[in-house]
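Data first, discussion second: the structure below is written as structure tokens.
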Amino acid sequence: MAVLIDRPNWPGPRGVLWSHLVSDSSLEELHDFARLLGVPERAFDRDHYDVPETVYDRAVFLGAEPVGSQELVRRLRASGLRRPKTRA
């Protein structure tokens, strides 16, 4: 299926913008792509990787499909892989 990435528009430390990297078919596909991209495992959060703007172009070059944030969430939910945060 597809690995998806939204534009880097989420602010993070030191003024770096971040994207979300997800799969619309399997976590295995997502983890494999993250390894190919050189993203560390610690960047994984429940159902996505947080990736800095510095890897966005490479992710797209390697085959990630650029989509808007709403489309990314819609497709992640439709895949059944969405794991929302639980409240304490």
Side-chain angles (χ1 to χ4, degrees):
M1 297 308 244
V3 172
L4 314 170
I5 190 166
D6 60 0
R7 301 273 318 153
N9 60 3
W10 302 94
R14 292 178 232 109
V16 174
L17 295 176
W18 294 76
S19 294
H20 299 104
L21 187 70
V22 305
S23 169
D24 68 356
S25 63
S26 77
L27 291 178
E28 181 179 358
E29 175 186 49
L30 177 60
H31 294 309
D32 289 346
F33 192 88
R35 277 191 292 278
L36 176 67
L37 193 55
V39 175
E41 290 180 23
R42 70 179 178 274
F44 182 71
D45 184 19
R46 297 180 322 275
D47 53 18
H48 70 277
Y49 280 87
D50 294 314
V51 296
E53 61 190 320
T54 55
V55 302
Y56 178 84
D57 289 337
R58 181 164 156 66
V60 172
F61 177 78
L62 291 173
E65 180 183 341
V67 296
S69 297
Q70 290 180 347
E71 176 71 6
L72 182 138
V73 171
R74 184 189 70 73
R75 289 175 61 182
L76 182 60
R77 284 182 179 150
S79 74
L81 297 174
R82 180 71 173 135
R83 294 195 176 119
K85 286 184 181 178
T86 56
R87 295 187 180 196

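Predicted model, so just to flag it, every value in this text is computed and none were measured. Every heavy atom of this structure was used, including side-chain atoms; hydrogens, water molecules and symmetry mates were not.
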Could you please spell out the steps behind the side chain to side chain contact (heavy atoms under 4.5 Å, CB included) verdict for His20 and Ile5?
CA-CA 6 Å; His20 299 104; Ile5 190 166; over 6 Å; no
May I ask whether Val16 and Val51 are part of the same hydrophobic cluster, defined by side-chain heavy atoms of I, L, V, M, F, W, Y residues being less than 4.5 angstrom apart, directly or through others?
no
Here the gap from Leu72 atom CG to Arg77 atom CZ, rounded to the nearest 0.5 Å, amounts to 10.5 Å
So Pro8 and Trp18, do their side chains get closer than 4.5 Å, heavy atoms only?
no
Provide the closest heavy-atom pair for Ser23 versus Ser79 in the form atom of the first, atom of the second, distance.
O-OG, 4.2 Å
So do the side chains of Leu17 and Asn9 get within less than 4.5 Å of each other, counting heavy atoms only?
no
Could you go through residues 30-45 and list every donor-acceptor pair under 3.5 Å that involves a side-chain atom there, pairing it with any protein atom two or more places apart or in another chain?
residue, atom, partner, partner atom, Å
His31, ND1, Tyr49, OH, 2.6
Asp32, OD1, Arg35, NH2, 2.5

What's the shortest heavy-atom distance between Arg75 and Ala2, and which atoms?
NH2-CB, 3.9 Å
Cluster check Leu21, Leu62: I/L/V/M/F/W/Y, side chain < 4.5 angstrom:
yes
Flag the pair Glu71 / Glu65 as yes when at least one side-chain heavy-atom distance between them is below 4.5 Å, and no otherwise.
no
What distance do Ser69 atom OG and Leu4 atom CG have between them, rounded to the nearest 0.5 Å?
11.5 Å
Could you report the tightest heavy-atom contact between Asp6 and Ser19, atom names first, then the distance?
O-OG, 2.8 Å
